[in-house]
Colleague: 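The structure is given below, and queries will be raised subsequently.
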Protein chains: 2
Amino acid sequence: MIETTELLKEYQLKATPQRIKIVSMVDEHGHISIEDLYKEMLQEFPSVSLATIYKNINQMIESGLIQEVKIPKTKSVFELIKEPHLHMVCDKCGKIEDISVGTDKVIEEAQRLSGYKIKESFITLRGTCPDCA
Amino acid sequence: MIETTELLKEYQLKATPQRIKIVSMVDEHGHISIEDLYKEMLQEFPSVSLATIYKNINQMIESGLIQEVKIPKTKSVFELIKEPHLHMVCDKCGKIEDISVGTDKVIEEAQRLSGYKIKESFITLRGTCPDCA
DNA sequence: CTGACTGCAAACGTTTTGCACGGTA
DNA sequence: TACCGTGCAAAACGTTTGCAGTCAG
């Protein structure tokens with residue numbers, strides 16, 4: 001709770017109750033869609049507006065606190081920006097997990113083949129999770 | 001240059017002039033957005049409708065002829081489905097290139113760490129292309 | 001010839017905007 | 001207190017749908 005408030009301040013965002021709730025929900029869920037954010041938010045703030053959610057999400061993206069994750073064939077979700085990681089998506093239950101895997105070899109190879117100077121990588125893997133297998 | 005008419009028939013799609021144009025534009029551009037597709041299409045078919053483009057793109061996706069590529073911070077583009085490959089996006093000029101890089105090591109490692117049975121991978125790398133460097 | 005495709009217009013869902021009020025620093 | 005953020009309503013988008021006329025097979 002105090003942690004979330006600090007986090008918002010670090011990113012120069014006023015710590016309003018709505019923002020605190022948004023950030024802690026993104027943190028707790030790991031990945032969350034606008035729709036789910038709104039639904040869950042309504043329980044605590046029955047008159048919260050979707051406009052407020054969109055405005056805040058966009059501000060948080062601009063400040064570099066969160067980012068949008070675009071996943072093939074599904075709606076976008078948002079996550080806190082942290083260490084680089086990959087996304088694993090379960091094709092049965094739809095759950096999304098982060099994992100850390102070394103990708104240097106692939107990136108070096110891509111750099112060599114393409115001549116690009118690579119700065120960022122976005123990797124999503126789709127398959128079946130252990131629970132659904 | 002591909003045999004667009006043949007390709008459409010292979011995927012059980014009637015070869016209308018509009019569809020032929022759509023497929024050849026996707027092929028020529030490699031990656032193209034709905035908006036660009038529509039703009040360029042208007043030159044040859046001044047009364048083409050956006051609805052026609054959407055309907056056809058969706059049908060082509062269902063038939064497995066093309067797929068949507070979602071790229072962070074930009075609008076989606078569409079491409080013909082072919083060999084697995086990665087996408088390189090230039091952060092200066094925005095151009096998108098395909099490259100083939102072995103990703104087995106990363107996928108194996110991800111599989112081992114997560115316990116997922118991985119079926120597909122989507123990789124986008126962002127950096128500066130040789131022309132813009 | 002017949003079902004599928006096109007273009008138009010309307011409907012829809014999602015995201016953004018403008019404004020008056022209310023709350024944070 | 002001075003802003004900035006919120007909620008509401010309306011507007012702006014992007015995409016989908018229904019329908020009547022047209023065309024590919």
Side-chain angles (χ1 to χ4, degrees), chain A residues 1-2 4-26 32-63 65-78, chain B residues 3-25 32-63 65-78:
Chain A
M1 186 116 9
I2 190 91
T4 306
T5 304
E6 292 309 316
L7 192 57
L8 283 167
K9 285 183 185 157
E10 271 176 44
Y11 286 84
Q12 354 273 1
L13 296 166
K14 236 183 227 182
T16 66
Q18 293 87 338
R19 278 183 185 157
I20 292 168
K21 179 70 179 173
I22 290 173
V23 174
S24 47
M25 284 179 62
V26 173
I32 191 167
S33 66
I34 292 281
E35 192 187 338
D36 292 347
L37 200 43
Y38 180 54
K39 278 190 203 150
E40 200 169 325
M41 199 116 186
L42 279 174
Q43 331 237 355
E44 189 163 330
F45 303 89
S47 64
V48 72
S49 160
L50 256 177
T52 298
I53 309 232
Y54 277 108
K55 283 172 193 165
N56 281 322
I57 286 289
N58 287 335
Q59 284 172 145
M60 290 175 191
I61 289 173
E62 274 171 44
S63 327
L65 173 52
I66 67 175
Q67 67 189 347
E68 183 176 0
V69 181
K70 294 184 172 187
I71 293 176
K73 301 181 186 66
T74 57
K75 56 189 162 200
S76 290
V77 293
F78 299 85
Chain B
E3 259 319 320
T4 307
T5 303
E6 293 308 318
L7 192 56
L8 283 168
K9 286 182 185 158
E10 273 176 43
Y11 286 84
Q12 353 273 1
L13 296 167
K14 239 184 226 184
T16 67
Q18 292 87 338
R19 277 184 187 155
I20 291 168
K21 180 70 178 171
I22 290 174
V23 174
S24 46
M25 285 180 60
I32 191 168
S33 67
I34 292 280
E35 192 187 338
D36 291 348
L37 199 43
Y38 180 54
K39 278 190 203 148
E40 200 169 325
M41 200 118 185
L42 279 175
Q43 326 223 0
E44 189 164 331
F45 303 89
S47 65
V48 72
S49 160
L50 255 177
T52 298
I53 310 233
Y54 278 109
K55 282 172 193 167
N56 281 322
I57 287 288
N58 287 334
Q59 284 171 144
M60 290 175 192
I61 289 173
E62 273 172 44
S63 327
L65 173 50
I66 67 175
Q67 68 188 347
E68 183 176 0
V69 181
K70 293 184 172 188
I71 293 175
K73 301 182 187 62
T74 57
K75 57 190 160 198
S76 290
V77 293
F78 299 85

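All of these numbers come straight from a predicted model, not from anything done at the bench. In the text below, chain A, chain B and the rest are named by the order of the sequence lines, each starting its count at 1.
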Colleague: If I take atom CD1 in residue A:I57 and atom P in nucleotide C:dT17, what distance separates them, rounded to the nearest angstrom?
Modeller: 16 Å
Colleague: Where the side chain of A:R19 is concerned, which of D:dC8, C:dT6, D:dT6 is the nearest nucleotide?
Modeller: D:dT6
Colleague: Nearest-Å distance, CD (A:E44) to P (D:dT6)?
Modeller: 14 Å
Colleague: From CD1 of B:I20 over to P of D:dC23, roughly how many Å is that when rounded to an integer?
Modeller: 15 Å
Colleague: Find the distance B:M41:CE to C:dT6:C1' and express it as a whole number of Å.
Modeller: 11 Å
Colleague: Can you check the A:Q59 CD to D:dT6 P distance for me, whole Å?
Modeller: 7 Å
Colleague: For a quick test of reading the model: is some side-chain N or O of B:T52 closer than 4.0 Å to OP1 or OP2 of C:dG7?
Modeller: yes
Colleague: Does a side-chain N or O of A:T16 approach OP1 or OP2 of D:dT6 to a distance below 4.0 Å, or not?
Modeller: yes
Colleague: With a 4.0 Å limit, can you tell me whether B:Q12 has a side-chain N or O closer than that to the phosphate oxygens OP1/OP2 of C:dA4?
Modeller: no
Colleague: Any donor-acceptor pair under 3.5 Å between the side chain of A:K55 and the base of D:dG7?
Modeller: yes
Colleague: What integer distance in Å separates A:N58:CG from C:dT17:P?
Modeller: 9 Å
Colleague: Quick one: label B:E35 by what it contacts on the DNA or RNA (base, sugar-phosphate, nothing), any heavy atom closer than 4.0 Å.
Modeller: nothing
Colleague: Look at the side chain of B:K14 and decide which nucleotide, out of D:dC8, C:dA25, C:dG3, has an atom nearest to it.
Modeller: C:dG3
Colleague: To the nearest Å, give me how far apart CZ (B:F45) and C1' (D:dT22) are.
Modeller: 15 Å
Colleague: Have A:E68 and A:S76 got a donor and an acceptor in their side chains that come within less than 3.5 Å?
Modeller: yes
Colleague: Taking only side-chain nitrogens and oxygens of B:Q18, does any of them come within less than 4.0 Å of OP1 or OP2 of C:dG7?
Modeller: yes
Colleague: What do the steps show when you test B:T4 against B:K21 for side chain to side chain contact (heavy atoms under 4.5 Å, CB included), and what is the final call?
Modeller: CA-CA 8 Å; B:T4 307; B:K21 180 70 178 171; over 6 Å; no
Colleague: From CG of A:L13 over to P of D:dG5, roughly how many Å is that when rounded to an integer?
Modeller: 8 Å
Colleague: Which of these nucleotides, D:dG25, D:dC8, D:dG5, is closest to any side-chain atom of B:A15?
Modeller: D:dG25
Colleague: A:M41 pairs by side-chain contact (heavy atoms from CB on, under 4.5 Å) with which of A:L50, A:V48, A:T52?
Modeller: A:V48
Colleague: Measuring from the side chain of A:K9 (C-beta onward, heavy atoms only), which nucleotide among C:dC8, C:dT16, C:dA25 has the closest atom?
Modeller: C:dA25
Colleague: Side chain of B:K70, backbone of A:P72: donor and acceptor closer than 3.5 Å?
Modeller: no
Colleague: Output, in order, the C-alpha distance, side-chain angles, deciding distance and verdict of side chain to side chain contact (heavy atoms under 4.5 Å, CB included) for B:I22 and B:M60.
Modeller: CA-CA 10 Å; B:I22 290 174; B:M60 290 175 192; 4.0 Å; yes
Colleague: Side-chain N or O of B:N56 versus OP1/OP2 of C:dC5: is the shortest distance under 4.0 Å?
Modeller: no
